[in-house]
Amino acid sequence: QVDVTAMARLFGYVDVTDSGFIAAALSIAFNPLFWNVVARWEHKTQALSQIFGSPRAACYCLGAIILFLNGVRSHCFTEAMKSQPKLEGLDCHWAYYSGLAILAVGTLFVVSSFLALGFIGTFLGDYFGILMEAKVTSFPFNVLDNPMYWGSTAVYLGWSLMHASPAGLLLTAVVAISYTIAMLYEGPFTEEIYRQKQKGVKKK
């Protein structure tokens, strides 16, 4: 049976019909959908590479757009938290510093992933035909798979705890779900790209 009282308390803290909350949820869901659709379209047609004159220029352009969209997402996320009430149980020092620690770890994973992959490796260069020579196995990829995605999720989780925000925690769950779906699509597709590369090398 559903605990109606608990549900009522939850909706007392989080108004999922609020325009700011909806904007944040939509931006979270849109971003990975956008870059997957565009990157696969590019891989199939090379249209962006033709428009920008080279695969590298096209990849840099897509990367810049993704960074902009991620900035918009973070802004919407923060505004959604500000517009909704805090949770008294989390509005304390231990929750704030726990959130700060989680945010720091998440930032470490995001930044170290970027440094290990480089700009083109981070922003789907393999879909543009710019393939890496070998799989990256250094930190943080030797700690967990997809550290960029999980690090980003941790950043939002930490940010939510620092603001004692139930809305932020719920939106963080949306982030995790969106990234999980993205990984299910990206992983096999990227593996197939490199599998085709290996076949090409063996034929030579």
Side-chain angles (χ1 to χ4, degrees), residues 27-40 42-43 55-56 58-71 73-74 77 94-162 168-169 171-204:
S27 67
I28 290 168
F30 173 78
N31 284 14
L33 174 64
F34 167 79
W35 69 60
N36 270 286
V37 169
V38 172
R40 288 198 182 204
E42 164 63 18
H43 182 262
R56 286 184 176 274
C59 184
Y60 275 110
C61 179
L62 178 60
I65 293 172
I66 291 172
L67 286 172
F68 172 76
L69 290 174
N70 285 348
R73 177 183 63 186
S74 296
F77 188 102
W94 72 265
Y96 179 88
Y97 288 111
S98 295
L100 183 61
I102 293 171
L103 186 148
V105 171
T107 302
L108 173 63
F109 278 117
V110 170
V111 173
S112 58
S113 296
F114 180 82
L115 293 176
L117 293 173
F119 189 96
I120 288 177
T122 298
F123 294 106
L124 305 165
D126 36 22
Y127 288 70
F128 291 81
I130 310 169
L131 305 183
M132 304 187 76
E133 292 299 324
K135 183 178 180 180
V136 177
T137 56
S138 58
F139 181 85
F141 294 90
N142 58 351
V143 176
L144 76 167
D145 293 329
N146 303 292
M148 179 75 75
Y149 284 160
W150 293 123
S152 179
T153 303
V155 168
Y156 284 113
L157 174 59
W159 193 234
S160 300
L161 290 173
M162 290 173 68
L169 294 174
L171 287 170
T172 299
V174 178
V175 171
I177 292 169
S178 298
Y179 278 158
T180 299
I181 294 172
M183 285 183 279
L184 290 174
Y185 280 91
E186 289 178 20
F189 195 80
T190 303
E191 289 176 5
E192 180 60 25
I193 290 174
Y194 282 91
R195 192 176 298 115
Q196 292 299 324
K197 176 191 175 184
Q198 290 299 321
K199 286 182 179 180
V201 171
K202 290 178 180 178
K203 290 180 180 179
K204 291 181 180 180

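Any value given below was found using the heavy atoms of this structure, including those in side chains, with hydrogens, waters and symmetry copies removed.
- Looking at residues two or more places apart in sequence or on another chain, you find no side-chain hydrogen bond (donor to acceptor under 3.5 Å, both in side chains) involving S113.
- Ring to ring, F123 and F119 are close: their centroids are under 6.0 angstrom apart.
- Looking at heavy atoms from C-beta onward, Y194 lies in side-chain contact with T190 at the 4.5 angstrom threshold.
- Contact record, A116 with F141: CB-CE1, 4.0 Å, taken as the closest heavy-atom pair.
- Residue R40 places its CZ atom among more than 12 non-hydrogen atoms of other residues, nucleotides or ligands, all under 6.0 Å distant.
- Under the 4.5 Å side-chain criterion, counting only non-hydrogen atoms from C-beta, F128 is not in contact with I120.
- A donor-acceptor contact shorter than 3.5 Å is absent between the side chain of Y185 and the backbone of L33.
- The shortest non-hydrogen separation linking N36 to P32 is ND2-O, 2.9 Å.
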I'd like to know whether M132 forms a side-chain contact (heavy atoms from CB on, under 4.5 Å) with L117, so could you lay out the CA-CA distance, the side-chain angles of the two residues, the decisive distance to 0.1 Å, and finally the verdict. CA-CA 9 Å; M132 304 187 76; L117 293 173; 4.0 Å; yes
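- No side-chain heavy atom of Y127 sits less than 4.5 Å from a side-chain heavy atom of L62.
- Across A29 and S178, no two heavy atoms sit closer than the pair CA-OG, 3.8 Å.
- Counting heavy atoms from C-beta outward, T122 and M148 have side chains that approach closer than 4.5 Å.
- Heavy-atom minimum distance, T137 versus N142: O-CB, 3.2 Å.
- A side-chain donor-acceptor contact under 3.5 Å links N31 to the backbone of L69.
- Screening residues 147-161 for side chain to side chain donor-acceptor pair (under 3.5 Å) gives W35-Y149, R73-Y156, S74-Y156, T78-W159, Y149-E186, S152-Y179, S160-T172 as the qualifying pairs, with residues at least two apart or on separate chains.
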All N/O donor-acceptor pairs, side-chain side in residues 94-109, below 3.5 Å, sequence neighbours left out:
unit_1: S98; atom_1: OG; unit_2: W94; atom_2: O; d: 2.7
unit_1: T107; atom_1: OG1; unit_2: L103; atom_2: O; d: 2.8

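- Taken to the nearest 0.5 Å, the CD atom of E192 stands 8.5 Å off from the NE2 atom of H43.
- Taken from CG in L124 to CZ in F189, the straight-line distance is 10.5 Å, to the nearest 0.5 Å.
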